[in-house]
Amino acid sequence: MSMVLHRLRSGLIYSQDFAEYLESKRDAEAIGHPGDVLHLDYVRCSQGELSGQEWCQLTWVSGAQAATEHRHQIGGVEVYIHKQAMRGLKNRLLHFDGTNVVVKS
């Protein structure tokens, strides 16, 4: 089975599986976060035991703190991604493998 990919203007690539994961997370948690926006953060370790590893974290942030120019539509979900995280994710693929969100170069 082939993976369906999408690309944002910023260069971030994501799979349809990731978009569906975001939608399910939003649907399951949004009732507890009125006025909040999903926040996608990207971490890449440059030193220490985790050097070279990279991952994403999804949390909720107040809509008032999520600048409109850093909000992106991934599938049917509006997601806040800080410009520094977006730079790190440029030309990388976000995918949900059924268990975890994975970042692929």
Side-chain angles (χ1 to χ4, degrees):
M1 186 171 155
S2 64
M3 190 184 303
V4 177
L5 301 179
H6 307 277
R7 186 188 216 35
L8 296 177
R9 282 194 306 265
S10 62
L12 168 71
I13 304 162
Y14 63 93
S15 69
Q16 184 63 36
D17 293 330
F18 179 73
E20 290 168 7
Y21 166 73
L22 277 183
E23 288 183 19
S24 69
K25 183 170 179 66
R26 181 210 50 209
D27 293 348
E29 299 178 8
I31 195 163
H33 297 275
D36 292 353
V37 178
L38 268 174
H39 173 219
L40 189 142
D41 199 9
Y42 170 68
V43 179
R44 184 166 197 271
C45 290
S46 59
Q47 53 192 339
E49 285 182 23
L50 299 176
S51 180
Q53 292 188 36
E54 54 192 344
W55 63 90
C56 282
Q57 295 174 290
L58 279 168
T59 56
W60 290 90
V61 65
S62 162
Q65 294 177 319
T68 308
E69 64 269 21
H70 299 303
R71 294 186 190 193
H72 305 273
Q73 199 70 27
I74 295 182
V77 181
E78 187 176 50
V79 181
Y80 171 72
I81 308 172
H82 189 274
K83 65 183 177 186
Q84 186 175 345
M86 189 56 90
R87 268 198 307 271
L89 286 167
K90 187 172 184 165
N91 299 321
R92 285 190 159 69
L93 166 66
L94 291 179
H95 175 61
F96 182 69
D97 67 7
T99 306
N100 299 300
V101 172
V102 291
V103 182
K104 299 181 178 189
S105 298

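One-based numbering along the sequence shown.
The NE2 atom of His6 sits 11.0 Å away from atom CG of Leu93, with the distance rounded to the nearest 0.5 Å. Taking CE of Met86 as the start and CZ of Arg92 as the end, the distance is 13.0 Å to the nearest 0.5 Å. Here the CG atom belonging to Asp17 is positioned 12.5 Å from the OH atom belonging to Tyr14, to the nearest 0.5 angstrom. Residue Lys104 holds its NZ atom at 11.0 Å from CG of Leu94, rounded to the nearest 0.5 Å. How far CG of Asp97 is from NE2 of His95: 6.0 Å, rounded to the nearest 0.5 Å. The distance from the OG atom of Ser15 to the CD1 atom of Ile74 is 10.0 Å, given to the nearest 0.5 Å.
Not a single donor-acceptor pair under 3.5 Å links the side chain of Arg26 to the backbone N or O of Leu38. Under the 3.5 Å distance criterion, the side-chain polar atoms of Gln57 are left unmatched by any main-chain donor or acceptor of Val43.
In this structure, Val61 is not a member of the same hydrophobic cluster as Val101, with clusters built from ILVMFWY side-chain heavy atoms closer than 4.5 Å. Under the 4.5 Å side-chain heavy-atom criterion for grouping Ile, Leu, Val, Met, Phe, Trp and Tyr, Met3 is connected to Ile13 within one hydrophobic cluster. Cluster annotation: Leu40 and Leu8 are assigned to the same hydrophobic cluster (Ile/Leu/Val/Met/Phe/Trp/Tyr, side-chain heavy-atom contacts under 4.5 Å, transitive). At a threshold of 4.5 Å between side-chain heavy atoms, the hydrophobic network of Ile, Leu, Val, Met, Phe, Trp and Tyr places Phe96 and Leu22 in one connected group.
Annotation: side chain of Ile81 is not in contact with side chain of Ser10 (no heavy-atom distance under 4.5 Å). At a threshold of 4.5 Å between non-hydrogen side-chain atoms, the residues Lys25 and Leu58 count as touching.
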Run Asn91 and Arg7 through side chain to side chain contact (heavy atoms under 4.5 Å, CB included) and show every step you take. CA-CA 9 Å; Asn91 299 321; Arg7 186 188 216 35; 3.0 Å; yes

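Taking all atoms of both residues into account, the shortest heavy-atom contact from Glu78 to Val37 is O-CG1, 3.7 Å. Counting all heavy atoms, side chain and backbone alike, Leu89 lies closest to Cys56 at CD2-SG, 4.2 Å. Residue Ala19 comes nearest to Gly75 through the heavy atom pair CB-CA, 4.1 Å, listed as atom of the first residue, atom of the second, then distance. Taking both residues in full, the closest heavy atoms of Ser62 and Asp36 are given as CA-OD1, 3.4 Å, listed atom of the first, atom of the second, then distance.
Ring geometry, Phe18 versus Tyr21: the interplanar angle falls from 30° to 60°, so the pair is classed tilted. Below 30°, between 30° and 60°, or above 60°: for Tyr80 and His70 the angle between ring planes is above 60°, a perpendicular geometry.
Within a 6.0 Å sphere centred on CD of Gln84, other residues, nucleotides and ligands contribute 12 heavy atoms or fewer.
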